[in-house]
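The structure appears right after this line, and notes come after that.
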Amino acid sequence: MGIVPNLNSDQLQFFHSHGYLVIESFATPDEVHAMRNRMELLLHGFDCSTSSVFSTVNQQLSTDDYFLQSAENISFFFEEKAFGENGNLKQGKELSINKVGHALHELDPVFKSFSDSEKFSGLLLSLGYKRPIAIQSMYIFKQPGIGGEVVPHQDNSFLYTEPTTCTGLWLALEDANTTNGCLWAIPGSHKNGLVRRFLRGDKGVYFDQPSPTYDKKDFVPIEVKAGSLVVIHGDVIHQSFENQSPKSRHAYSLHVVDTEGCVWAQDNWIRRKVQLEPLYET
């Protein structure tokens with residue numbers, strides 16, 4: 001196989017204790033620059049008439065056919081606050097997009113090259129993955145002034161396997177801090193297990209349980225520099241607030257699940273027609 005685990009014992013201990021881990025300088029400045037430049041080109045060629053709105057606060061805005069078919073496409077989703085009362089964009093499309101997803105890692109050569117890199121595989125091998133696949137990817141903009149809130153959630157709710165195996169890999173492409181909408185997490189919350197699932201049925205998508213109420217004081221900010229990677233346990237409670245600052249907070253996010261010793265739930269929102277190749281096999 002040739003892949004070498006690249007997390008040390010202190011990093012693994014922190015991850016298992018807190019449910020997240022920051023790896024500074026995971027991406028080089030050149031890699032960050034390449035992904036940002038590539039997204040700029042993708043946005044330039046994007047036709048605004050083929051898109052949707054994404055909101056975690058108003059989930060029904062985000063579950064149309066365009067969203068449900070995005071698992072195997074490169075799809076564009078606007079911020080909920082990007083439009084005026086007349087239904088037109090308040091500003092250019094480059095400052096109105098919430099995210100692009102969910103198959104960048106599969107279809108775009110720049111994002112695929114980074115996502116398939118040995119440093120990602122080495123990280124996953126350190127975490128015990130046997131036959132991992134990157135099930136979805138997103139480029140998240142967190143636009144200045146209108147970057148939408150991401151409510152408290154667990155990644156395993158959306159990408160469920162039995163047993164659960166989802167890990168989030170969140171790469172800062174710009175500095176992320178409490179001013180422009182960095183991640184916040186409840187340390188150790190992954191130890192309490194999964195609280196609800198996001199299901200896809202005959203009548204659309206829905207949560208099987210209402211959202212619990214969380215105490216704001218339990219969350220800690222995860223402030224990172226561009227190039228840093230935040231590794232997120234699938235059961236850890238995390239969120240980000242609306243970006244009301246004049247600075248964006250670009251990030252590239254991958255979600256990985258194992259395909260060895262577990263079963264992908266058929267009622268997940270993602271329903272792929274073509275199976276992904278694993279990043280490696282042990």
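Computation of the quantities below employed the complete heavy-atom set of this structure, encompassing side-chain atoms and omitting hydrogens, waters and symmetry-equivalent molecules.
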With ring-ring contact (aromatic ring centres under 6.0 Å, His included) as the test, would you mind laying out the steps for F67 and H102 before giving the verdict? CA-CA 9 Å; F67 175 83; H102 289 90; 5.6 Å; yes
Answer yes or no: is there a side-chain heavy-atom contact under 4.5 Å between Q136 and W269? yes
Is the shortest side-chain heavy-atom distance between M35 and F114 below 4.5 Å? yes
Do [X] and [Y] pair up side chain to side chain, a donor and an acceptor below 3.5 Å, judged on atom types alone?
X: K142; Y: S240; answer: yes
X: N180; Y: N243; answer: no
X: T167; Y: Y129; answer: yes
X: S157; Y: R196; answer: no
X: T28; Y: D30; answer: no

Just say parallel, tilted or perpendicular for the rings of [X] and [Y], cut-offs at 30° and 60°.
X: H233; Y: F15; value: tilted
X: F78; Y: F83; value: perpendicular
X: F198; Y: F207; value: tilted

Salt bridge (charged side-chain N to carboxylate O under 4.0 Å, His left out) evaluation trace for D175 with K225: CA-CA 4 Å; D175 293 353; K225 295 293 186 182; 3.7 Å; yes
Step-by-step side-chain hydrogen bond (donor to acceptor under 3.5 Å, both in side chains) determination, E79 to N98: CA-CA 5 Å; E79 290 283 1; N98 173 292; 3.3 Å; yes
Inspect the surroundings of [atom1] in [X] and state if more than 12 heavy atoms from other residues, nucleotides or ligands are less than 6.0 Å away.
X: K247; atom1: NZ; answer: no
X: E94; atom1: CD; answer: yes
X: H16; atom1: NE2; answer: yes

Checking Y139 against Y252 for the ring-ring contact (aromatic ring centres under 6.0 Å, His included) test, could you report, in this order, the C-alpha distance in whole Å, the side-chain angles of both residues, the deciding distance, and whether it holds? CA-CA 5 Å; Y139 190 108; Y252 177 58; 7.3 Å; no
Steps toward ring-ring contact (aromatic ring centres under 6.0 Å, His included) verdict (H250, F141): CA-CA 4 Å; H250 290 201; F141 294 83; 5.1 Å; yes
Could you report the tightest heavy-atom contact between D258 and K130, atom names first, then the distance? OD2-N, 2.9 Å
For F241 and F219, what are the C-alpha separation, side-chain angles and deciding distance, and is it a ring-ring contact (aromatic ring centres under 6.0 Å, His included)? CA-CA 12 Å; F241 295 107; F219 287 87; 7.6 Å; no
